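Keep in mind that the numbers below use all heavy atoms, side chains included, and drop hydrogens, waters and symmetry copies. Proteins come first, then strands; the chains are lettered A, B, ... in the order of their sequence lines, and each starts at number 1. Everything numeric here is computed off the predicted structure, so don't read it as measured data.
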Protein chains: 2
Amino acid sequence: MNIGDVARLSGLPAKTIRYYEAIGLVDPLRSNNGYRAFRESDLHKLHFLGRARSLGFSIEDCRTLLALYQDRSRASADVKLVATEHLGRIDAKISELVEMRNTVAHLIDACAGDQRPDCPILGDLGSGPIKRLAGPSTH
Amino acid sequence: MNIGDVARLSGLPAKTIRYYEAIGLVDPLRSNNGYRAFRESDLHKLHFLGRARSLGFSIEDCRTLLALYQDRSRASADVKLVATEHLGRIDAKISELVEMRNTVAHLIDACAGDQRPDCPILGDLGSGPIKRLAGPSTH
DNA sequence: CATTAACCTTCCATCCTCGGGAAGGTCAAG
DNA sequence: CTTGACCTTCCCGAGGATGGAAGGTTAATG
């Protein structure tokens, strides 16, 4: 199979597949003409990678998971650990975004959104606790 | 004020402030010794930027918001639009992450996490709809 | 046989938002 | 005079690809 074939079959862009080869995630053979020659096993790996990436696993996580995938004597605990850490990162990111979301949504609610310049959104962004340089004390 | 001062006062790293200058978000004066000389107005801008960035606005959004902030004849509708589009992007991102989260959480639940190699997580990643090349039909 | 179109190759640059670190200039205190 | 804390510019790297240029290969046409 040439790269175009595995691209269609795996759903990954050819560019991405070349990139995955460059960073050592897949290692296709080469034909006489220099074209990459993918085996079924390569296609399988690429499919695995596409699915893992779509679940948000980092490339390094993918590398680990792929190694575990191919290790018949793996412990499922090792896989679960990788996934659990990933879940923790997802949850942290969600919390962060939800907090942003709430703040932004409140500001939007408070803004009239008309032709007048008065705007609580800009008001919020421009105000707040700016520290001041220590000056002559009024104390 | 030197960069270290505004860094402390704005809460932004000096590196970030230099970067903001490089991309034209702030434009401090220069002292005779070549040091950046920040005015109160620069500090104010940096504070504005820090707050907007912490709410997840992109640099380009920040550029727009900063321009509106300094435009006395702005319409609050313009600000609200930027914020509303941003909110939409946050919500989309949250949805995406929540979907990932649920999938990953289910897989984790299904995994024994022991010494045995059997693992539904790897099972999920490695299976699924791989398309096949059209071959000799058995039909 | 010549051409064309669809492949494939490598290499280099770009996106975004900085952060790290090198090499070197400046300034105030002791 | 030295020390240490500043400051400067410059280049490299992250993650995870993506875009494009310049050129080789192959299969199907005319």
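Between B:Arg53 and C:dC16, a side-chain N or O to OP1/OP2 separation shorter than 4.0 Å is absent. Look at B:Thr16 and you won't find any side-chain N or O under 4.0 angstrom from OP1 or OP2 of C:dT17. Remark: A:Arg36 is not in phosphate contact with C:dC8, judged by side-chain N or O atoms under 4.0 Å from OP1 or OP2. For C:dT9, neither phosphate oxygen OP1 nor OP2 lies less than 4.0 angstrom from any side-chain nitrogen or oxygen of A:Asn33.
Between the C1' atom of C:dT26 and the CZ atom of B:Arg30 lies a distance of 14 Å, rounded to the nearest Å. In this structure, A:Ile17 places its CD1 atom 11 Å from P of D:dT18, rounding to the nearest Å. With rounding to whole Å, A:Leu12 atom CG is found 9 Å from D:dT18 atom P.
Residues B:Ile59 and B:Tyr35 both approach DNA chain C. Their nearest nucleotides, taken by heavy-atom distance, put B:Ile59 toward the 5′ side. The residue among B:Asn32 and A:Gly4 whose nearest nucleotide of DNA chain C lies closer to the 5′ end is A:Gly4.
Within 4.0 Å of A:Arg18, counting heavy atoms only, lies at least one base atom of the nucleic acid. Residue B:Ile3 is classed as a sugar-phosphate contact, given heavy-atom separations below 4.0 Å to backbone atoms only.
Between B:Cys62 and B:Leu49, the shortest heavy-atom contact is CB-CD2, 3.7 Å.
Taking the side chain of A:Tyr19 as heavy atoms from C-beta on, and the options C:dC18, D:dG16, C:dG21, the nearest nucleotide is D:dG16. When the nucleotides D:dG16, C:dG19, D:dT25 are ranked by their closest atom to the side chain of A:Ser58, D:dG16 comes out on top.
At least one donor-acceptor pair closer than 3.5 Å links the side chain of B:Ser58 to the backbone N or O of B:Asp61. In terms of modelled atom types and a separation under 3.5 Å, the side chain of A:Asp124 and the main chain of A:Ile121 share no donor-acceptor contact.
Of the candidates A:Phe48, A:Tyr20, A:Tyr19, A:Val26 forms a side chain to side chain contact (heavy atoms under 4.5 Å, CB included) with just one, namely A:Tyr20.
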